[in-house]
A.B. asks: 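Got a structure here, written out as structure tokens. Questions coming.
Counting begins at 1 with the first residue of the sequence.
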Amino acid sequence: MNFNIPSQITQGDSIKWVENFSGHDSLVDVMKCFIVGQSNSLTVSGNAIASGFEFEISGSMSQILQPGKYKAQFAFFLDYVNVGSDRKNTLGTTNLLVCPSFESLTELETRSADEIELEAITKAINKLASGAVAEYYIGDRRMRYQDLGELTKRQQYLRTRIAIASGRIKAGGRNVGVRFND
């Protein structure tokens, strides 16, 4: 089933949408949207209208959702008013991305993805060198133990990509250093 909830919202924004659903009794049936992420969740009940259910997430409701990836699951409750959640029918799940509001940001990330990954790998190398457990995060991906040699190769690769992107070295050419001694 396709859902009409936006696939991306911004923290603090108000959004409204309608989920088309026929054959419901607007006096006793209920449709709910359960939004679940890594650190928090939100439940929104739809208001019954002739063509289905209208959902609204207020600005204060979306503000509590931390930026990141979420799953939104829709469920229909038949005769909810009289029997509660016993007659639940899960309709399906979709993805939702919550973006940060620039109002709440204290710093805007201006580094490239390579620079961010280089920082994470450098931290991992430093942890390995100090004897710590070899686990680190890059964005929302968790990386576990890798050989120090592999990390060092990746670090050098990223340094080269960053240097090429910044124009410090040319891509595809050969850099040859020559030193003459008298």
A.B. asks: My understanding is that only residues two or more places apart in sequence, or in another chain, count here; which of them pass ring pair (Phe, Tyr, Trp, His ring centres under 6.0 Å) with F53?
C.D. replies: H24

A.B. asks: Identify, with sequence neighbours excluded, every residue that meets side chain to side chain donor-acceptor pair (under 3.5 Å) alongside S60.
C.D. replies: S58

A.B. asks: Could you tell me the separation between the CG atom of N4 and the CH2 atom of W17, rounded to the nearest 0.5 Å?
C.D. replies: 9.5 Å

A.B. asks: Could you walk me through whether Q38 and Y70 pass side chain to side chain contact (heavy atoms under 4.5 Å, CB included), step by step?
C.D. replies: CA-CA 8 Å; Q38 288 281 352; Y70 288 78; over 6 Å; no

A.B. asks: Which pairs pass side-chain hydrogen bond (donor to acceptor under 3.5 Å, both in side chains) with one or both residues in residues 42-56, sequence neighbours excluded?
C.D. replies: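 Pairs touching residues 42-56 that pass the test: none.
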
A.B. asks: So which residues get pulled into V18's cluster when ILVMFWY side chains under 4.5 Å apart are joined, directly or through others?
C.D. replies: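 Via sub-4.5 Å side-chain contacts, V18 links to I49.
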
A.B. asks: Calculate, to the nearest 0.5 Å, the distance between atoms CG and CZ belonging to L118 and R159 respectively.
C.D. replies: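 Going from CG on L118 over to CZ on R159, the span is 6.0 Å.
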
A.B. asks: Between K32 and F77, is there a side-chain heavy-atom distance shorter than 4.5 Å?
C.D. replies: yes

A.B. asks: List for me each residue that meets ring pair (Phe, Tyr, Trp, His ring centres under 6.0 Å) alongside F3, sequence neighbours excluded, and say none if there are none.
C.D. replies: F74

A.B. asks: Go through the structure and list residues passing side chain to side chain donor-acceptor pair (under 3.5 Å) with D114, not counting sequence neighbours.
C.D. replies: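 If we apply the side chain to side chain donor-acceptor pair (under 3.5 Å) test to D114, skipping adjacent residues, the hits are R161.
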
A.B. asks: Step by step, work out the side chain to side chain contact (heavy atoms under 4.5 Å, CB included) result for L91 and M31.
C.D. replies: CA-CA 10 Å; L91 302 174; M31 185 183 286; 3.5 Å; yes

A.B. asks: Can you find a pair of side-chain heavy atoms, one from T122 and one from L151, that are under 4.5 Å apart?
C.D. replies: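 T122 does not reach L151 side chain to side chain.
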
A.B. asks: Would the number of heavy atoms belonging to other residues, nucleotides or ligands and lying under 6.0 Å from CG of N126 be above 12?
C.D. replies: yes

A.B. asks: Quick one: salt bridge (Lys or Arg N to Asp or Glu O under 4.0 Å) pairs with a partner in residues 5-20, sequence neighbours left out?
C.D. replies: none

A.B. asks: Could you give the distance from CD1 (I121) to NZ (K153), rounded to the nearest 0.5 Å?
C.D. replies: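 Rounded to the nearest 0.5 Å, the CD1-NZ separation comes to 13.5 Å.
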
A.B. asks: Are the side chains of I57 and I35 in touch, meaning some heavy atoms are under 4.5 Å apart?
C.D. replies: yes

A.B. asks: Might you point out which heavy atoms bring S101 and Q11 nearest each other, and give the distance in Å?
C.D. replies: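 The answer is CB-O, 3.2 Å.
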
A.B. asks: I'd like to know whether N89 forms a side chain to side chain contact (heavy atoms under 4.5 Å, CB included) with L78, so could you lay out the CA-CA distance, the side-chain angles of the two residues, the decisive distance to 0.1 Å, and finally the verdict.
C.D. replies: CA-CA 8 Å; N89 181 15; L78 186 64; over 6 Å; no

A.B. asks: Sequence neighbours excluded, which residues qualify as side-chain contact (heavy atoms from CB on, under 4.5 Å) partners of S14?
C.D. replies: none

A.B. asks: Are any of the side-chain nitrogens in R154 or E150 under 4.0 Å away from the carboxylate oxygens of its partner?
C.D. replies: no

A.B. asks: Restricting to side chain to side chain donor-acceptor pair (under 3.5 Å), what partner residues turn up for N20, sequence neighbours left out?
C.D. replies: none

A.B. asks: Using every non-hydrogen atom in the two residues, find where I64 and S41 come nearest and quote the distance to one decimal.
C.D. replies: CD1-O, 4.5 Å

A.B. asks: When you look at S39 and Q66, which way does the side chain to side chain contact (heavy atoms under 4.5 Å, CB included) test go after all the steps?
C.D. replies: CA-CA 7 Å; S39 58; Q66 296 300 313; 3.6 Å; yes

A.B. asks: Taking side-chain contact (heavy atoms from CB on, under 4.5 Å) as the test, write out the residues that go with Q8, two or more places apart.
C.D. replies: L97, C99

A.B. asks: Using the side-chain contact (heavy atoms from CB on, under 4.5 Å) criterion, which residues pair with K71? Sequence neighbours excluded.
C.D. replies: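 Counting only residues at least two positions away or on another chain, K71 forms a side-chain contact (heavy atoms from CB on, under 4.5 Å) with T93, N95.
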
A.B. asks: Would you mind reporting whether F55 and I5 have side-chain heavy atoms less than 4.5 Å apart?
C.D. replies: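 No, side chains not in contact.
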
A.B. asks: Show the nearest heavy-atom pair for residues P100 and T10, with the distance to one decimal.
C.D. replies: O-CG2, 3.7 Å

A.B. asks: Determine, step by step, whether Q73 and T90 satisfy the side-chain hydrogen bond (donor to acceptor under 3.5 Å, both in side chains) criterion, reporting the C-alpha distance in whole Å, the side-chain angles of both residues, the deciding distance to 0.1 Å, and the verdict.
C.D. replies: CA-CA 8 Å; Q73 183 179 75; T90 302; 4.6 Å; no

A.B. asks: Indicate if V98 and V36 have the same hydrophobic cluster label, given that clusters are the connected sets of ILVMFWY residues with side-chain heavy-atom separations under 4.5 angstrom.
C.D. replies: no

A.B. asks: Listed by chain and number, what are the side-chain contact (heavy atoms from CB on, under 4.5 Å) partners of A165, not counting sequence neighbours?
C.D. replies: none

